[in-house]
2 protein chains.
Amino acid sequence: MNIDGRLARGQRTRTAVLDAAVSLASANGLDGLSLGHLAESLGVSKSGLFAHWRSKEELQLATIDRAVAQWREKIIGPALRAPRGVRRIHALHEARVDFYADRVLPGGCFFATTEFEFNARPGAVRDRLAEVFAAWTGFLERLVAEAVDLGELPADTDVAVLAYEIDAYGIAAAMRSRLLDPEATYRHARLGVLSRLRALCPDPALLPEGTS
Amino acid sequence: MNIDGRLARGQRTRTAVLDAAVSLASANGLDGLSLGHLAESLGVSKSGLFAHWRSKEELQLATIDRAVAQWREKIIGPALRAPRGVRRIHALHEARVDFYADRVLPGGCFFATTEFEFNARPGAVRDRLAEVFAAWTGFLERLVAEAVDLGELPADTDVAVLAYEIDAYGIAAAMRSRLLDPEATYRHARLGVLSRLRALCPDPALLPEGTS
DNA sequence: AATATATACGACCGGTCGGTCTTATTGGTT
DNA sequence: AACCAATAAGACCGACCGGTCGTATATATT
């Protein structure tokens with residue numbers, strides 16, 4: 001919006017709206033997201049939103065894309081700055097748990113919230129989410145395969161199952177940290193993946209010590 | 001309801017309504033559950049529901065309790081029929097994956113759906129869900145501790161972390177099976193826990209062979 | 001300064017929601 | 001057969017939803 005609160009054209013405005021949408025949707029769902037509340041939280045009129053997105057569904061799809069961009073920046077970025085192999089896998093998982101622990105989003109995880117909201121509801125939103133999840137699991141599996149190729153994980157590692165396991169630790173963290181003891185949840189999530197990687201890696205010195 | 005479609009008093013009627021509510025809510029959420037649609041799916045008037053539950057929230061809480069009863073019957077029951085120790089843990093996990101794989105509920109998992117719907121929304125529903133999740137994780141941890149006591153898992157096992165891991169495999173199964181390849185998801189979920197238990201158990205003969 | 005253009009606003013629409021209430025019908029009792 | 005208590009039905013209410021549209025205002029141009 002402008003200094004006086006008006007919505008203006010341009011990418012920056014759209015991004016600000018979508019950031020607010022990601023935040024609200026992580027708590028109330030992408031369908032539970034009220035355009036009236038969204039506009040109000042930005043000090044903007046509801047009808048102004050329809051100048052940028054033709055329908056709620058279009059804004060929902062754009063919100064998913066924005067959440068992907070946030071995920072890339074906050075979780076995938078730090079991982080890619082770590083050296084390839086088990087250390088990169090560990091960095092990815094740590095960045096993910098950090099993201100949840102920092103309470104960046106009120107709902108904990110935008111993707112978990114929207115997945116369970118739409119997984120039984122056919123439509124464009126569901127299809128887009130399926131694409132995002134497929135890309136994510138593919139990325140994780142590539143990281144694990146890379147570590148195997150580097151000899152930092154046993155050659156007979158079942159790549160898909162190990163990638164599944166690492167992802168599962170993260171999903172469980174998002175789920176439990178909001179209803180049960182958050183600190184214990186993060187500790188279990190971090191310690192579980194770390195000790196698993198250390199146990200599998202022929203050179204445990206690549207990873208920090210695991211202490212409970 | 002009666003033969004002619006009327007709602008009648010009695011526990012059986014309530015149970016039938018709540019079963020339908022669990023099914024609908026697993027797909028559309030506990031808040032997304034429309035009382036009009038629920039009544040219509042039962043061939044009953046909406047106002048009739050208010051004779052049994054004073055408000056939607058009351059019906060939501062009763063629906064959670066009904067889902068717990070289903071979970072007890074379908075997942076905890078089979079586990080308790082297996083011998084204590086790692087076999088019981090394995091039976092619990094298998095029953096859980098079976099439950100998802102059998103497509104008992106359209107949404108995959110009632111608790112996952114409602115957890116992510118309410119974890120950022122204070123109120124009676126959220127509090128009730130927190131109780132349920134605490135009881136569930138406590139149960140899982142007791143099963144793991146039991147296996148440790150029986151010598152079927154190493155004495156230095158971190159009970160909380162291993163219980164977390166097993167639960168995580170189940171959560172991930174519920175999440176992925178609806179957007180990604182379901183068969184691969186179930187295979188990973190089953191194989192992951194089985195191979196973990198076999199690797200940890202001093203007597204792997206207690207568990208079936210793990211084949212990918 | 002006057003005009004033309006773009007755009008943000010707020011009233012408004014139809015539809016659905018949870019919830020209420022009056023009415024009609026049922027089944028049991030004497 | 002007549003009455004009574006219980007209860008299901010459906011019309012109805014206010015609130016909120018996504019979405020539309022006419023109008024007032026700010027900006028850019030000449």
Side-chain angles (χ1 to χ4, degrees), chain A residues 1-18 20-22 24-25 27-64 114 117-118 121 123-126, chain B residues 1-18 20-22 24-25 27-64 113-114 117-118 121 123-126 128:
Chain A
M1 50 245 97
N2 282 335
I3 298 167
D4 57 356
R6 296 271 189 81
L7 263 179
R9 281 182 170 275
Q11 199 58 38
R12 216 156 22 157
T13 300
R14 287 175 55 97
T15 302
V17 174
L18 294 178
V22 170
L24 286 174
N28 300 104
L30 210 38
D31 214 63
L33 172 66
S34 156
L35 299 187
H37 290 161
L38 174 61
E40 191 183 5
S41 80
L42 292 160
V44 151
S45 73
K46 185 176 61 168
S47 55
L49 296 177
F50 285 89
H52 294 259
W53 299 274
R54 265 176 290 198
S55 66
K56 182 177 188 179
E57 189 180 59
E58 221 172 75
L59 190 142
Q60 288 173 324
L61 294 173
T63 302
I64 293 173
T114 56
E117 192 182 8
F118 280 93
R121 218 184 296 182
V125 172
R126 200 202 99 109
Chain B
M1 46 243 104
N2 282 335
I3 298 167
D4 56 357
R6 298 272 190 80
L7 267 178
R9 277 181 172 278
Q11 200 57 38
R12 218 159 18 164
T13 299
R14 287 176 55 98
T15 302
V17 174
L18 294 178
V22 170
L24 287 174
N28 300 105
L30 210 39
D31 214 64
L33 172 67
S34 156
L35 299 186
H37 290 160
L38 174 62
E40 191 183 6
S41 80
L42 292 160
V44 151
S45 74
K46 185 176 61 169
S47 56
L49 297 177
F50 285 88
H52 294 258
W53 300 276
R54 265 175 290 196
S55 67
K56 183 178 187 179
E57 190 179 60
E58 220 171 75
L59 190 142
Q60 288 173 324
L61 294 172
T63 303
I64 293 173
T113 301
T114 55
E117 194 182 7
F118 281 94
R121 218 184 296 182
V125 172
R126 199 201 100 108
R128 187 83 190 85

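Everything numeric here is computed off the predicted structure, so don't read it as measured data.
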Donor-acceptor check, side chain of A/Gln60 to backbone of A/Val125, threshold 3.5 angstrom: yes or no? no
Measure the [atom1]-[atom2] distance between [X] and [Y] for me, rounded to the nearest 0.5 Å.
X       : Y       : atom1 : atom2 : result
A/Leu61 : A/Leu59 : CG    : CG    : 9.0 Å
B/Lys56 : B/Leu49 : NZ    : CG    : 11.5 Å
B/Leu18 : B/Thr63 : CG    : OG1   : 5.0 Å
B/Leu35 : B/Phe50 : CG    : CZ    : 5.0 Å

Letter by letter from the 5' end, nucleotides 13-18 of chain C scores (B base, S sugar-phosphate only, - none; protein heavy atoms under 4.0 Å) ----SB
Separation of [X] atom [atom1] from [N] atom [atom2], in whole Å?
X       : N     : atom1 : atom2 : value
A/Trp53 : C/dT7 : CH2   : C1'   : 15 Å
A/Glu40 : C/dA8 : CD    : P     : 19 Å
B/Leu49 : D/dT7 : CG    : P     : 15 Å
A/Arg14 : C/dA8 : CZ    : P     : 13 Å

Can you find a donor-acceptor pair, distance only, under 3.5 Å between A/Ser47 side chain and C/dG10 base? yes
Please find the pair of heavy atoms, one from B/Arg14 and one from B/His52, that lie closest to each other, and give the distance. NH1-O, 3.5 Å
